[in-house]
Each structure stands twice: as C-alpha cells, then as structure tokens.
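Chain letters run A, B, ... following the sequence lines, proteins first and then strands; every chain starts at 1. Just so we're clear, the structure is a prediction, and the values are computed from it rather than from any experiment.
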Amino acid sequence: MSDERGPNVGAESSESAENTENLDFIRTFVTEDLAAGKNEGRVHTRFPPEPNGYLHIGHAKAILISFGIAQEFGGKFNLRFDDTNPEKEEQEYVDAIMRDMKWLGADWEDRLYHSSDYFDTLYEWAQHLIREGKAYVCSLNGEEIREYRGTVTEPGRPSPDRDRPAAESLELLEGMKNGDFDEGAYTVRAKIDMAHANMLMRDPLLYRIRKAKHHRTGDKWNIYPMYDYAHGQGDAIEGITHSLCSLEFEVHRPLYDWFIENLPVPHVPRQIEFARLNLTYTVMSKRKLLQLVNEGHVTGWDDPRMPTICGLRRLGYTPTSIRRFCDTIGVAKRDSTVDLDLLKWSLREELNRTADRVMAVLRPLKVVITNYPEGQTEQVECVNNPEDESAGTRRVPFSREIYIEQDDFREEAPRKFFRLKPGKEVRLKHAYFITCDEVIKDDAGNIVELRCSYDPETKGGNAPDGRKVKGTLHWVSAEHAVDAEVRLYDNLFREPFPEEGGHFLDHLNPDSLEVLKDAKLEPGLASVEDNYRCQFMRQGYFCRDEDSRPGAPVFNRTVTLKDSWAKIEARK
RNA sequence: UGGGGCGUCGUCAAGUGGCAAGACACAUGGUUUUGGUCCAUGCAUUCGCAGGUUCGAAUCCUGCCGCCCCAACCA
C-alpha cells in the first residue's frame, strides 16, 4: 500500500505524472492548454490536404498525429480540403484522399469541409480589412511585386497603391470578383510591413484573379484566396484548437496569427509545427512522385513500389502496421530520415502474429520421390500459424512428384548448407524426410529434376528412431499445384538518400521488380480474394494483387522474412 | 547574408540541474518441423564544438560550427 515516497504522493499526482510521461512536445502543449482552461476544454484538430496529388506515408504520419491527438483527448477531427487553387485541383484526388484516409482509420465522421466553403466569408473579411485600412488592391504585376518585396537582406518598398483609399479598393475588389479585369491585373494585399525581416509579412497577397473553373464552386469566382489568407481562417471557423502542420509553415505562423488578430473570427486556433517524415530508399515530394508516374518509371500512383498509401496498400501493407510505424517514429521538430527497415519491421511484427503460413514454390525444381507409390495422393496436416493456435490447421495434398525451390538444392554445397544436396536428407515441411539420390540434367548441364527417396516412417516430419535433420523445405505437389505469377518487389531506389549525389532518377533500382511467371502454389491459394495476405513459408509476406484473374492468381511480395542464411552467404 | 527552426548511439527518440529510457539496425549464444518467430547477452564514460556557472550540466550562460526553411499572383 504505502511506499517510501511519503504522504505527499497521492494517487492523483502520481497519475498525472504518469500521463505527462513521455508525451511528445505537441501532446505536452495540448495538455498544458487544457490545464490552463483554454478552448472551453475542447481539443479539435484537422487534416487539410490540397487535392492535387495522392497521399503518401508522410501524410499518414501527419494524419495519424492529428487524428490520434483528437482521439486521445476526447476531441474531434476534421477533414478539410484546402482547395484554393482551382488550376491544380481535381475531384479524382479528393476521392483518392478520402479512400486512403478511411483505410488508415482516420475518421472525420460528418465533418468534411472545404476551404471553398468559406469563400463568401473570406470575401467579406477582405472587405473588412480594406475598410480598416489593413488591406488594399494592388496593381503591380508579378515581376514588380517581387521587385518591390526586396530580399532577405534588404527591405522592400511600398507599392504605389498602398495608400489607395478604401472606397476605391472596395470598388476594385468588387470588379475583380465580377470578372471585370484580366488575370494578373490586380491583387488584394494585406498592409503589414514592407521592411519586415520575415518576407511573408511584406504585404502578403490575399487574392489573385483566376478565371478558372473550380471543382466545387464552378464559375462562381474570378478571384481565389491564397493559402495564408484561407488556412487559419478555416481553422477559426471550424473551431480548430490545435492546427498541426509541418515545419516549413513555421515562418507562416506570424502571418497566421496576424489574420486571426485582425479579423472578426469566432475562435482563436493555435498552429504547431512538427518535422515531416523522410524515409530511406524513397522520395516523398509530390513533384517527384508525380514525375515517377508521368514518366512511366512506375505503373501509377498505386504501383506497389510507391510510398503512397495506395501503393503500400497494394504492396500488402496493413493500416495497423502503418499506424504502428507512425507510433514508433514519434513526433519531434528535428529533420530526420527514418530507416525503411522500421516500416518493414512494423509489418512483419503484425503479420508474424496474424498471417497464415502457406507453401509456395517461386522457382520450381521438380522432385520425383521414386519409392512413393505412383498415383497415390495423401493429405498432410499443416499448422496455419505456429504463433496462433486458434488459426487451426489445413490439409495439403502430397504425392510422388513435387516441386521444391531451386535455391534449396545445391550439387556442391558448403557444410553450413542445411538444405538438400546429393546423398543428404532433409525434411519436407509437415510431410516426410527425403534423401537426394540422383540429379538429372539436360544437355546443357542444367539441373532439371531430382530423384529422391522418402522414409515412410517419418510422416509428419519426425523420425521414430530419433534421427535429426538440419533442414526443412517447403514444397508443393506437382499434380495439385496452382500456377501463379509472383511479383518480387524491392526498394524503388538503390541509394538510401536518392536525392543526394546527382539526380534522383539516376538512383532508381533497376531490380525493383522481378516477375516470376512460373510459381507453384498450394491448392488452397486458388480461391483466396484480392488483398489476401499470408506468409509464403520461409520467404516472406505476400498479398494477392488485384491483377489476379480466375485461375491465374498474382501475388506481390510485400516484405521478405529476415534471412540470416543470406547474410552468412553474403559475407563470403 | 536578414529572419525562423534544429543539432543525444548506424537510424528514429526519451530526458529540460542529480550523474544517458525505449525501438529499429547490428553482433554473439540458445530454442525451433520456417536459416522465421522467440529467449539471453552485447552495443553512447557520453549528449555538434569550446569556454563558463555549479558540489554536480545533455540539461543554465557565452561564443563558435553544422544542417533545414523563407525572396510562387503554389500549398
């Protein structure tokens, strides 16, 4: 009951101490805000994607941080499409983003919003700023604006329109909205400080003229708000308490706060920035991902080699493993690049516990068991998952002719090679011990078949006389095998940092995909559904691809098993 | 260069004045009908560097070094 820490350590204080233990810096801020009584005790976050590309694993981190915090603090989580640039945004992306977020488990319930929902309010607020003398309509063109802005070391100069009377600006704004002017003729700018050390505060743009059709508002608007003028206001309107974003927006925060302070917003949100995710052996920028797709280096956004959510899903990753990964990497402010091995580990960790073990021969080598009765077939009992007894067992046919993996036989093998070699005995998983008696070769000297003999006493894989074998091989009965295509995926890039040292495309891994057309699967695999995940025993975790056709299944290798034999071999 | 950030094991990441958590990776040994899993052990006398304050510093102070972001009518 009582310990030696003294009477002051009550249940309450030790509990709160536990709760603040190991919190990342954002959760610490949220906890402090709650303790200070801010936001009426509410926690409300959001994810604000621009619908101009597909979500990738970096977005998954951001989504899971915002969604996770809302969940942990009993708060709410919104999805808001930041659709302020009609030229780049498309419905296709909107649909894909929602699909991927649902798959990840980030539930926005009925709170789906768009920045474009706020265009009317934003317009009124722009009028408000003009009336207050805090914004004006500027006639400088793009080049001039840049010129007038100055540089990081020199202050800018005021626009000649900076002191345009409010009434005149208001009228011009009305004209901009109505489409009276050409694109580029005018902009609306906040009047802040042309000498500010932060370039973003040098009279930033609120609106530009764009006579583009918007995927939601159609032709209603001829002007569209800039990111900085829309984002924080959207947060305020939705009652977002903690607006979490990546580090590059840190310099935007003074402007974010300026708008909140100078507009009649209903609520004051707080922006907090964290470091975005980088992963070894891949690239994460939308531009580069788009280039990979457009130039045909991959088959599409959902190519299993892509770090996109849909690519990872197709490769065979699970939502749970991605959540686990994001939990493991944590949240901080320092730039970092996470080892791809950690992502792979997250998947293996889950699938080791949950995936069925099945037998599949990727590169078949025929074995004839000469002393096994011709025409006989028997069913052997196989454990589905040694890590989970409740997964049960299944029966797999065994017969005189089987396939084993080419790699599992060597005519000349080192003593450490535990697999099949002439005169040696190994175990066929769940079946019998066999001994290699003869190697059959074609005219070119290629090994085309093995003649082996089995020991009928070893059924199930144990010898009554207690003799042991070092190796256990997976196999598939030739007569019963299901033919399949298997796609062996590897890292898209061969360098851990493809963006360093030359062009990233120069570091593409030419062996990122190997297609095996002649794989042999155990019969049960003929009838599984797309996306079915399992372990191909001794080889890795695989997932049935959507390219599968009746009678012609296709499997993707999601991740290999750890292979310490390969390591030993590689050392030589 | 002006401003804004950041520097703790190979990679992430705790720790915020009391004497370096954890995870991945790696290494070694054991178990094993997956060379998988699992188990055991090892892996930063040191926290970018240099001074200083202190009984005591990764944590406080000073200076320096390095890396990232900002000069789109993109987000």
Side-chain angles (χ1 to χ4, degrees), chain A residues 21-24 48-50 52 82-85 87-89 115 138 140-142 145-147 149-156 183-184 186-189 196-202 205-210 223-224 226-228 230-231 245-254 273 275 277 280 286 325 327-346 348-349 352-353 357 359 383 386-387 416-419 427-431 433 458 460-462 468-474 496 535-540 560-569:
Chain A
E21 220 172 80
N22 270 30
L23 286 185
D24 59 64
E50 182 188 14
N52 70 342
D82 220 338
D83 53 355
T84 57
N85 185 358
E87 292 174 334
K88 289 188 181 172
E89 296 151 7
S115 292
C138 178
L140 259 26
N141 64 36
I145 288 176
R146 211 171 309 129
E147 234 176 82
R149 189 151 38 212
T151 68
V152 289
T153 51
E154 309 159 68
E183 290 192 4
Y186 292 105
T187 59
V188 181
R189 305 177 66 178
H196 202 111
N198 182 340
M199 299 294 288
L200 289 160
M201 300 295 270
R202 322 244 265 224
L205 272 59
L206 274 53
Y207 279 103
R208 74 287 210 187
I209 300 172
R210 281 285 174 283
I223 57 173
Y224 290 93
M226 302 288 291
Y227 164 84
D228 285 302
H231 198 96
C245 62
S246 48
L247 243 32
E248 73 249 43
F249 292 101
E250 202 154 24
V251 291
H252 291 248
R253 196 168 66 222
E273 313 83 9
L277 171 67
T280 56
K286 272 186 194 173
F325 170 72
D327 282 348
T328 307
I329 59 175
V331 189
K333 290 193 75 162
R334 74 179 83 109
D335 294 316
S336 63
T337 302
V338 176
D339 197 331
L340 220 210
D341 276 339
L342 191 56
L343 212 213
K344 296 182 177 181
W345 172 83
S346 305
R348 289 195 192 104
E349 193 278 329
N352 176 55
R353 287 182 284 108
R357 272 63 167 172
M359 294 195 286
V383 171
E387 306 296 317
K416 283 289 204 177
F417 187 78
F418 301 150
R419 284 113 96 143
R427 171 168 39 234
L428 295 176
K429 180 83 183 174
H430 300 306
F433 287 6
T458 57
N462 279 309
K468 304 286 182 193
V469 290
K470 251 318 204 179
T472 300
L473 312 186
H474 60 276
Q535 182 194 110
F536 284 1
M537 194 105 41
R538 302 206 300 138
Q539 309 197 84
T560 61
L561 253 30
K562 282 177 64 175
D563 188 349
S564 49
W565 168 243
K567 263 182 209 167
I568 293 168
E569 288 263 282

Within the 4.0 Å heavy-atom criterion, would you say A:Thr151 contacts the bases, only the backbone, or no part of the nucleic acid?
base

When rounded to the nearest Å, what value does the distance between P atoms of B:G4 and B:C19 take?
35 Å

What interatomic distance, in whole Å, is found between C1' of B:A20 and the corresponding atom of B:A14?
10 Å

Expressed in whole Å, how much space separates the P atoms belonging to B:U34 and B:C38?
14 Å

Base, sugar-phosphate, or nothing for A:Asn52, non-hydrogen atoms under 4.0 angstrom?
nothing

Any N or O donor-acceptor pair linking the side chain of A:Arg427 to the base of B:U34 at under 3.5 Å?
no

Remember a base hit wins even if backbone is also touched, and classify A:Lys567 as base, sugar-phosphate or nothing at under 4.0 Å, heavy atoms.
sugar-phosphate

Would you mind telling me which residue lines up with the more 5' stretch of RNA chain B, A:Phe418 or A:Gly184, judged by nearest nucleotide?
A:Phe418

Counting any heavy atom closer than 4.0 Å, what does A:Thr84 reach on the DNA or RNA strands: base, sugar-phosphate only, or nothing?
sugar-phosphate

Spell out, as yes or no, whether a donor-acceptor pair under 3.5 Å connects the side chain of A:Arg357 to the backbone of A:Met537.
no

Mind checking if A:Val338 touches a base, just sugar-phosphate, or nothing, with heavy atoms under 4.0 Å?
sugar-phosphate

Considering only atom C1', compute the distance from B:U46 to B:A21 and round it to an integer number of Å.
15 Å

Between A:Arg419 and A:Ala332, the residue closer to the 5' end of RNA chain B by nearest nucleotide is A:Ala332

Contact class for A:Thr153 vs. all strands (heavy atom < 4.0 Å): base, sugar-phosphate, or nothing?
base

Are any side-chain N or O atoms of A:Asp339 and backbone N or O atoms of A:Leu342, one a donor and one an acceptor, separated by less than 3.5 Å?
no

Measuring only the P atom in each nucleotide, how far is B:A25 from B:G36? A whole number of Å is fine.
13 Å

Would you call A:Arg208 and A:Glu183 a salt bridge, using N to O less than 4.0 angstrom?
no

Over all strands shown, is A:Leu140 touching base, sugar-phosphate only, or nothing at heavy-atom distances under 4.0 angstrom?
base

Quote, to the nearest angstrom, the C1' distance that separates B:A58 from B:A75.
37 Å

Any sub-3.5 Å donor-acceptor pair from A:Asp83's side-chain atoms to A:Ser115's backbone N or O?
yes

Looking only at N and O atoms, is any donor in the side chain of A:Glu387 or the base of B:G36 less than 3.5 Å from an acceptor on the other one?
yes

By the 4.0 Å heavy-atom rule, please label A:His252 as base, sugar-phosphate, or nothing.
base

Do we see A:Tyr227 stacking on the base of B:A75, given a limit of 5.5 Å between centres and 30° between planes?
no

Counting any heavy atom closer than 4.0 Å, what does A:Arg210 reach on the DNA or RNA strands: base, sugar-phosphate only, or nothing?
base

NA contact type, A:Asp82, heavy-atom cut-off 4.0 Å: base, sugar-phosphate, or nothing?
sugar-phosphate

For B:U8, take OP1 and OP2 only and decide whether either is under 4.0 Å from a side-chain N or O of A:Arg334.
yes

Flag side-chain contact, heavy atom, 4.5 Å: A:Ile145 against A:Thr187:
yes

Expressed in whole Å, how much space separates the C1' atoms belonging to B:A72 and B:C43?
48 Å

I need the CD-P distance between A:Glu273 and B:A75, as an integer number of Å.
18 Å

Tell me if the side-chain of A:Gln535 makes a donor-acceptor pair with the base of B:U34, cut-off 3.5 Å, by modelled atom types.
yes

Do the charged groups of A:Glu50 and A:Lys88 touch, with an N to O distance under 4.0 Å?
no

Using a 4.0 Å heavy-atom cut-off across all strands, classify A:Lys562 as base, sugar-phosphate, or nothing.
sugar-phosphate

Whole-Å gap separating C1' (B:A75) and NE2 (A:His231):
9 Å

Pick the P atom in B:U16 and in B:G7, then give their distance to the nearest Å.
15 Å

